Number of protein chains: 2
Amino acid sequence: MGKRISLKDIAEKVGVSTALVSYVLNGKEKEKRVGKDVVKKIREVAAELNYRPNQIARSLRQGWTKTIGLIVADIANPFFGTMVRVIEDEANKFGYNVLFGSSDEDSEKLGALIDTLCNRQVDGFIIVPPEGSDAAIKRLSEREIPIVLIDRKMKGQNIDSVLIDNYTATYEATNYLLDKGYKRIAIVANKSSLNPMSERIGGYCEAMKEEGLEKEIHIELIKYEHTRADMAESLDKLLLKESKIEALIFTTNSLSISGLYYFRNSELKVPEDVAFIGFDGDEAFDFFYSPITYIVQPVEEMGKESVRLLIDQLNGSRKTVQIRLKHSFIEQQSC
Amino acid sequence: MGKRISLKDIAEKVGVSTALVSYVLNGKEKEKRVGKDVVKKIREVAAELNYRPNQIARSLRQGWTKTIGLIVADIANPFFGTMVRVIEDEANKFGYNVLFGSSDEDSEKLGALIDTLCNRQVDGFIIVPPEGSDAAIKRLSEREIPIVLIDRKMKGQNIDSVLIDNYTATYEATNYLLDKGYKRIAIVANKSSLNPMSERIGGYCEAMKEEGLEKEIHIELIKYEHTRADMAESLDKLLLKESKIEALIFTTNSLSISGLYYFRNSELKVPEDVAFIGFDGDEAFDFFYSPITYIVQPVEEMGKESVRLLIDQLNGSRKTVQIRLKHSFIEQQSC
DNA sequence: ATTGTTTGTTTAATCGATTAAGCATATATT
DNA sequence: AATATATGCTTAATCGATTAAACAAACAAT
């Protein structure tokens, strides 16, 4: 690898100490009273040699890396892909780069990722916390490393977070179905103790109760890494065996997609036989034979806000901020 | 931020020099003949203080960062998202982390990204090169920084690359349509001088010529950042005004998706009125009213191979390797 | 007793940039 | 003329880990 140019090379060529070069290239020539001719000469030589500062050296000395550690569930998932993209762009604006990893919803993997990223001295973290990661997150926050949780949060921890108001999202979606006359409404959710999932379920239950339909509450729990067969089993139970559900609310994108695959091969038609509300927009929703009505989280806004919160912390803010954004409801033809 | 434990802290607590601590924690206690008791003590104290090496310091000293710079067009695009995911996992296996950026198909942005990543001393690059980035890539490769191009390559540059055999992909797809009796076949492509696009067009043309259909060759070029209106204009021209095209081959995923949106609102039906071959699998393809037949690139394999090639280079390999993988053809009901 | 070898440890340089502190000159002030 | 202040630059420590080289003590060989 062709040797990179260092401050020292410039200093030698100009015939001054590295201190002066550093001052000039960091725009401190006034403050540090560097002679005009020298300033000019240093600038020239730096340009001529195409000098690029070694950020590693700078980081070691300064104690920061201008790097954000970003951990999502799976970057191959378009929802998180978009989130990462927004965070990347926003972080760049503030001079930060992003080191990232996918947790696969596995708290052990999360722990390992946090370790590597810490060793690499990231300045702060933006994390989509998986189930059971409370301890890992707590440990991190006790080390006083800036963190922002996004998309989810754990109960009762005093950590910055950016979420939508999940309760209202499903509450409104349920009411939308109720208004349309559906009564036997089921919600399809993941097994999860994390805030968003319990809120999503909570919003649905509340809306059902308000209509006096507590007996019709059906909560179908499916594990995170489910197969299409798992989904088929659950939906068969809900739609055929059990109490002939008339409408389904899905609470994550991947559950929604699995649900669509089910109806693609089912006798039952959407919305004639069953109404369908999906979660988090997807092109597939648009191309389903009856385009799917869905709840979307404002990913762009969430990403931006999370960076903003993190930067605030990095700039010394000590107060905990929990941001709640509003979801959107895209009405198409599946209900 | 709670002060991190350094080698020095351990050294002081044990009462030895940092050299010994470093030897022991790097498993060189035999080679460097460190006393047994001392080894034990150092290990104990390191565990007790929960020591984590500062990778920044280590990198500065060693001259490597164990970091790969990864630049794709847009990480929010599921195709690249998956690619990034695979590369991330594969790199981790070899002890590398990934610093990434999205170029937005913009060669200037690519240049800026390369600069930042170089300043951060990444050990090597995996890049999806955008149009017009020849100079930037060349400059990088002249600095003898290991690079692997993925998904695309520029003509006549002696750089490692991982691509599918694009020529054969469209050649076979075209023959598939010809076998089914379609004659008026058009290809929808991006304006691009990059290898894959010209090969994709080339394979199509060759197959058409072999059937003596050179007069029926229709190449419709659409710019990378196109709107659905752009697509509609092009397809209207091909299907309504011009020579009543019977079949369409799309050459990228986003072109395919735009195409699907067109047919979603069109009088013309797939495949009765027009046959449709998409590019790079997508859930949307499965949910279109007549599930789309498509060409897929083996993203996982491509990602893995690219990491393998890069690691080889990082381990000192000097020979240029150009890998060509085979595409797959998923037959559904759109032709 | 002298020299050589092995064992176990420390010293100090190094990576590249930053920056407080110190040291000359030159100029201004009394 | 003596002192103060401003100007312009250098020295050297620092961040944390690695590692060649030097060193001391114990032991073995002659």
Side-chain angles (χ1 to χ4, degrees), chain A residues 1-43 45-46 49-67 118-123, chain B residues 1-43 45-46 49-67 118-123:
Chain A
M1 211 167 311
K3 191 178 131 304
R4 274 178 71 97
I5 302 299
S6 74
L7 272 193
K8 208 171 150 200
D9 298 320
I10 300 181
E12 275 167 12
K13 184 139 185 188
V14 177
V16 293
S17 68
T18 61
L20 279 198
V21 181
S22 174
Y23 292 146
V24 171
L25 298 182
N26 285 303
K28 299 191 183 163
E29 67 268 22
K30 287 277 173 305
E31 180 188 342
K32 298 291 177 177
R33 313 181 296 250
V34 183
K36 272 185 191 159
D37 305 353
V38 177
V39 170
K40 190 153 163 276
K41 196 76 200 294
I42 289 176
R43 289 248 163 74
V45 174
L49 299 182
N50 191 28
Y51 170 74
R52 303 283 154 196
N54 181 327
Q55 294 295 345
I56 294 290
R58 177 181 270 174
S59 294
L60 178 59
R61 166 68 213 228
Q62 303 285 43
W64 40 248
T65 54
K66 291 275 174 183
T67 306
C118 277
N119 294 352
R120 284 168 182 273
Q121 315 292 123
V122 300
D123 297 333
Chain B
M1 213 170 308
K3 190 179 128 311
R4 274 179 73 96
I5 303 299
S6 72
L7 272 193
K8 207 170 149 201
D9 298 321
I10 300 181
E12 274 167 12
K13 184 140 185 188
V14 177
V16 294
S17 68
T18 61
L20 280 196
V21 181
S22 173
Y23 293 147
V24 171
L25 298 182
N26 286 302
K28 301 193 183 160
E29 66 268 23
K30 288 275 173 304
E31 180 189 341
K32 299 290 178 176
R33 314 182 294 252
V34 183
K36 273 186 191 155
D37 304 353
V38 177
V39 171
K40 189 151 162 279
K41 197 75 200 295
I42 288 176
R43 288 249 163 73
V45 174
L49 299 182
N50 191 30
Y51 170 73
R52 302 284 154 194
N54 181 327
Q55 294 295 345
I56 293 290
R58 178 180 270 175
S59 294
L60 179 59
R61 168 67 213 226
Q62 304 285 44
W64 42 248
T65 53
K66 291 274 175 185
T67 306
C118 277
N119 295 351
R120 283 166 182 274
Q121 314 292 123
V122 300
D123 297 333

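Residue numbers start from 1 in every chain, and the chains themselves are labelled A, B, ... in the order their sequence lines are given, proteins ahead of strands. Remember, predicted model here, so these are calculated numbers, not experimental data.
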message: Please tell me if B/Ser6 has a side-chain N or O lying less than 4.0 Å from either OP1 or OP2 of D/dG16.
response: no
- prompt: Taking the side chain of A/Arg58 as its heavy atoms from C-beta onward, which of D/dG16, C/dA17, D/dT18 lies nearest to it?
  reply: C/dA17
query: Looking at the side chain of B/Arg33, which of D/dT18, C/dT9, C/dG8 is the nearest nucleotide?
result: C/dG8
statement: B/Leu20 CG to C/dG8 P, in whole Å, measures 11 Å
- prompt: Atom CG of B/Leu60 to atom C1' of D/dT14: distance rounded to whole Å?
  reply: 12 Å
- prompt: Quick one: is A/Lys28 getting a side-chain N or O under 4.0 Å of the C/dT19 phosphate, OP1 or OP2?
  reply: yes
message: When you measure from the side-chain N and O atoms of A/Asn26 to the phosphate of C/dT18, is any distance below 4.0 Å, counting only OP1 and OP2?
response: yes
message: If the cut-off is 4.0 Å, is B/Tyr23 near the phosphate of D/dA20, judged by side-chain N/O to OP1 or OP2?
response: no
- line: Taken to the nearest 0.5 Å, the spacing of A/Tyr23 OH from A/Arg33 CZ works out to 10.0 Å
query: Would you say a side-chain N or O of B/Lys32 is under 4.0 Å from OP1 or OP2 of C/dT7?
result: no
field: Euclidean distance, atom CD1 of residue A/Ile10 to atom P of C/dG16 [Å, nearest integer]
entry: 13 Å
Whole-Å distance separating the CD1 atom of A/Ile42 from the C1' atom of D/dT10: 13 Å
Side-chain H-bond candidate by donor/acceptor type, A/Arg58 with A/Thr65, under 3.5 Å: no
query: What nucleic acid atoms does B/Val38 come within less than 4.0 Å of, heavy atoms only: base, sugar-phosphate, or nothing?
result: sugar-phosphate
Atom pair distance, as rounded to whole Å: CD1 in A/Ile56 and C1' in D/dT18: 16 Å
statement: Per atom distances to the B/Ser22 side chain, the nearest of D/dG16, D/dT19, C/dT18 is D/dT19
Nearest-angstrom distance from the residue atom CD1 of A/Ile5 to C1' of C/dA17: 15 Å
query: For B/Ala19 and A/Gln62, take the nucleotide of DNA chain D holding the closest heavy atom to each; which residue's nucleotide lies nearer the 5' end?
result: A/Gln62
- prompt: Within the structure shown, what part of the strands sits under 4.0 Å from B/Val16 by heavy-atom distance: base, sugar-phosphate, or nothing?
  reply: sugar-phosphate
- request: Measure the distance from CZ on B/Arg52 to C1' on D/dC15 and round it to the nearest whole Å.
  value: 21 Å
message: Taking the basic N atoms (NZ, or NE/NH1/NH2) and the acidic carboxylate oxygens, is any pair closer than 4.0 Å for B/Arg43 and B/Glu29?
response: yes
task: Using the side chain to side chain contact (heavy atoms under 4.5 Å, CB included) rule, pick out the option among B/Ile56, B/Asn54, B/Thr67 that qualifies with A/Arg120.
output: B/Thr67
- request: Round to the nearest Å and state the distance from A/Glu31 atom CD to C/dT18 atom P.
  value: 13 Å
- prompt: Can you list the residues that meet the side-chain hydrogen bond (donor to acceptor under 3.5 Å, both in side chains) rule with B/Arg52, with sequence neighbours excluded?
  reply: B/Asn50
task: Confirm from the modelled atom types if B/Arg61 and C/dT14 form a donor-acceptor pair under 3.5 Å, side chain to base only.
output: yes
